Number of protein chains: 2
Amino acid sequence: MLDAAVALIGQRGTAGTTLKEVGEQAGYSRGLAGYRFGSKEGLFGFVVKAVGEEWLRELTAVTRDKVGLAAIEAALDAHARFLAEAPEHVRAFYVLWFEAIGPRSTLKGVIERVHERRRRDVLEWIARGVAAGEIDPELDTGAVADHFCGAIVGIVYQWLVQPVDRARIEAMHETLKLTMRRLLPAHLPSEEYTP
Amino acid sequence: MLDAAVALIGQRGTAGTTLKEVGEQAGYSRGLAGYRFGSKEGLFGFVVKAVGEEWLRELTAVTRDKVGLAAIEAALDAHARFLAEAPEHVRAFYVLWFEAIGPRSTLKGVIERVHERRRRDVLEWIARGVAAGEIDPELDTGAVADHFCGAIVGIVYQWLVQPVDRARIEAMHETLKLTMRRLLPAHLPSEEYTP
DNA sequence: AAGGTACTTGCTTGTTTCAAACAAGTAAGA
DNA sequence: TCTTACTTGTTTGAAACAAGCAAGTACCTT
């Protein structure tokens with residue numbers, strides 16, 4: 001059922017996807033999808049949660065035992081890989097993500113929580129980088145985290161618009177790494193001059 | 001008719017907006033909106049074009065006679081102002097913008113052109129900054145422009161999710177300015193050491 | 001110039017089609 | 001017998017389209 005929904009969202013978009021087709025493509029009757037999920041929005045919520053958890057597992061795996069810039073770069077690498085291998089799941093996830101911003105969207109809450117979670121992760125990586133002495137403690141970490149999360153959204157947007165241009169997407173991840181290196185200056189830069 | 005559409009998109013979202021209501025709220029019959037614009041998508045396309053041109057006029061006005069970082073910062077100030085004054089128009093515009101990424105969206109073409117136009121503007125500002133000798137000509141300007149446009153999308157996304165938190169939105173614009181200053185280094189940095 | 005006719009424009013109303021939502025049912029198993 | 005998993009029937013409502021109407025506007029004829 002999940003796979004059918006993901007495939008249809010990828011092909012026809014959310015407006016073009018019907019509960020009837022989802023049910024039938026999954027090998028059931030026309031009515032099952034509506035019955036199980038209550039409504040179209042209910043189905044979409046299920047898809048977002050399922051794929052979101054998939055990504056979360058991936059992310060925690062690659063950032064385990066990493067702090068500061070290393071964690072951020074590992075996360076970016078994993079993200080680029082996730083998009084490049086582009087299982088349709090990710091595409092459906094982000095299509096739903098971007099549509100959830102409208103008013104009256106029941107998905108909004110779910111998406112907001114994912115977003116907030118991302119931000120806290122970034123803050124955590126930075127805080128640990130500060131603790132490890134590799135990042136300046138004076139920094140406005142909230143602003144940097146916001147910029148990072150926003151930039152990710154921007155990259156994904158670009159990817160959804162032109163998924164073909166893989167090199168460009170990877171370049172955007174690299175530019176974001178560079179940006180983060182510039183925004184997160186080393187702690188006690190004077191040490192750089194003591195050989 | 002435009003105002004009715006904008007108001008309804010802002011209140012109910014695109015899925016919740018009906019052609020019937022748009023027509024009636026504009027003081028006409030239930031059928032007019034559908035007749036004039038052919039379809040719901042047609043109406044939405046009209047809204048995007050109308051608001052897009054509004055913003056374009058604003059943008060060209062504030063960046064006239066500016067190059068390099070100055071142009072970028074002026075554009076960011078104008079953008080922050082546009083969001084803060086938040087005429088419903090902008091909200092409807094971006095809601096449609098984010099929904100246009102799905103497959104089978106007729107708006108996609110329009111949005112892609114707006115996006116591409118933005119990118120070319122940024123490249124132009126940078127190129128003029130290079131010509132004026134204030135930016136390093138060795139730079140990968142395409143990557144910087146992509147990052148900039150992506151970051152804008154990220155900011156707008158955040159704004160749509162939590163339009164209330166005005167300070168945060170302005171901070172994100174400031175962080176993006178800072179980022180651009182870091183990514184666009186001065187030309188011939190050695191000059192900085194010759195008094 | 002006057003008056004009549006065709007054509008256009010802007011809008012309304014009627015009708016079809018199709019999806020969502022929900023209610024009621026059935027069959028297989030615990 | 002009760003629950004679970006699923007199907008089928010029905011209602012409601014929106015989109016899309018067709019057809020119609022009324023108020024111009026242009027054109028043509030004498």
Side-chain angles (χ1 to χ4, degrees), chain A residues 1-50 88 92-93 95-111, chain B residues 1-50 88 92-93 95-111:
Chain A
M1 205 79 155
L2 177 67
D3 287 336
V6 161
L8 283 168
I9 292 169
Q11 286 165 34
R12 310 202 206 291
T14 53
T17 297
T18 72
L19 290 169
K20 183 184 164 209
E21 271 182 312
V22 171
E24 285 173 350
Q25 182 151 327
Y28 299 101
S29 67
R30 67 176 173 79
L32 185 64
Y35 172 76
R36 272 213 193 145
F37 301 104
S39 68
K40 218 171 153 177
E41 290 248 302
L43 167 64
F44 292 160
F46 170 75
V47 172
V48 165
K49 272 181 210 150
E88 291 175 306
F93 175 81
V95 166
L96 293 170
W97 170 288
F98 281 113
E99 284 183 8
I101 42 135
R104 304 263 177 117
S105 163
T106 42
L107 273 137
K108 206 168 186 173
V110 183
I111 296 288
Chain B
M1 205 79 155
L2 176 66
D3 287 335
V6 161
L8 283 168
I9 293 170
Q11 286 165 35
R12 312 202 205 291
T14 54
T17 297
T18 72
L19 290 168
K20 184 184 164 208
E21 272 181 313
V22 171
E24 285 173 349
Q25 183 151 327
Y28 300 101
S29 68
R30 68 175 172 79
L32 185 64
Y35 172 76
R36 272 215 193 141
F37 302 104
S39 68
K40 219 171 154 176
E41 290 250 300
L43 168 65
F44 292 160
F46 170 75
V47 172
V48 165
K49 272 181 209 148
E88 291 175 306
F93 175 81
V95 166
L96 293 170
W97 169 288
F98 280 113
E99 284 183 7
I101 42 139
R104 303 262 179 117
S105 162
T106 43
L107 274 138
K108 205 167 186 174
V110 183
I111 296 288

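So that the names make sense, note that chain A is the first sequence line, chain B the second, and so on, each numbered from 1. Bear in mind the structure is a predicted one, so any value in this text is a computation, not a measurement.
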What's touching nucleotides 27-30 of chain C from the protein side, N or O pairs under 3.5 Å?
none

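- Between B/L8 and B/Q25 there is a side-chain heavy-atom pair separated by less than 4.5 Å.
- Pairs passing the ring-ring contact (aromatic ring centres under 6.0 Å, His included) check and including a residue from residues 1-48 of chain B, sequence neighbours excluded, read B/F37-B/F46.
- Between A/K20 atom NZ and C/dC18 atom C1' the separation is 9 Å, expressed in whole Å.
- For residues 35-48 of chain A, there are no salt bridge (Lys or Arg N to Asp or Glu O under 4.0 Å) pairs, not counting sequence neighbours.
- Residues forming a salt bridge (charged side-chain N to carboxylate O under 4.0 Å, His left out) with B/E21 (at least two apart in sequence, or on another chain): B/R12.
- Listed here is the closest heavy atom pair of B/G45 and B/L107: CA-CD2, 3.7 Å.
- Mapping heavy-atom proximity under 4.0 Å, the span of DNA chain D touched by chain B runs 5' to 3' from D/dA14 to D/dA16.
- By the side chain to side chain donor-acceptor pair (under 3.5 Å) test, A/S29 pairs with no residue at all, sequence neighbours left out.
- When all heavy atoms of A/I9 and B/P103 are compared, the closest pair comes out as O-CG, 3.5 Å.
- When side chains are defined from C-beta on, A/T18 does not count as touching A/V22, because their heavy atoms never get closer than 4.5 Å.
- Atom NZ of B/K108 has more than 12 neighbouring heavy atoms from other residues, nucleotides or ligands inside a 6.0 Å radius.
- Residue whose closest nucleotide on DNA chain C sits further toward the 5' end, between A/A15 and B/G27: B/G27.
- In this structure, the side chain to side chain contact (heavy atoms under 4.5 Å, CB included) partners of A/K49, at least two apart in sequence or on a different chain, are A/V110.
- Direction of the helix axis in the helix from C/dA1-D/dT30 to C/dA30-D/dT1 shifts by 10° between the two five-pair termini, rounded to 10°.
- Residues A/G23 and A/A33 share a closest heavy-atom pair of N-CB, 4.1 Å.
- Here the rule is side-chain contact (heavy atoms from CB on, under 4.5 Å) with B/V6, and of B/E88, B/M1, B/Q11 only B/E88 fits it.
- Non-hydrogen atoms lying under 4.0 Å from DNA chain D are contributed by B/S39, all within residues 28-39 of chain B.
- Residues satisfying the side chain to side chain donor-acceptor pair (under 3.5 Å) criterion with A/T14, sequence neighbours excluded, are A/E99.
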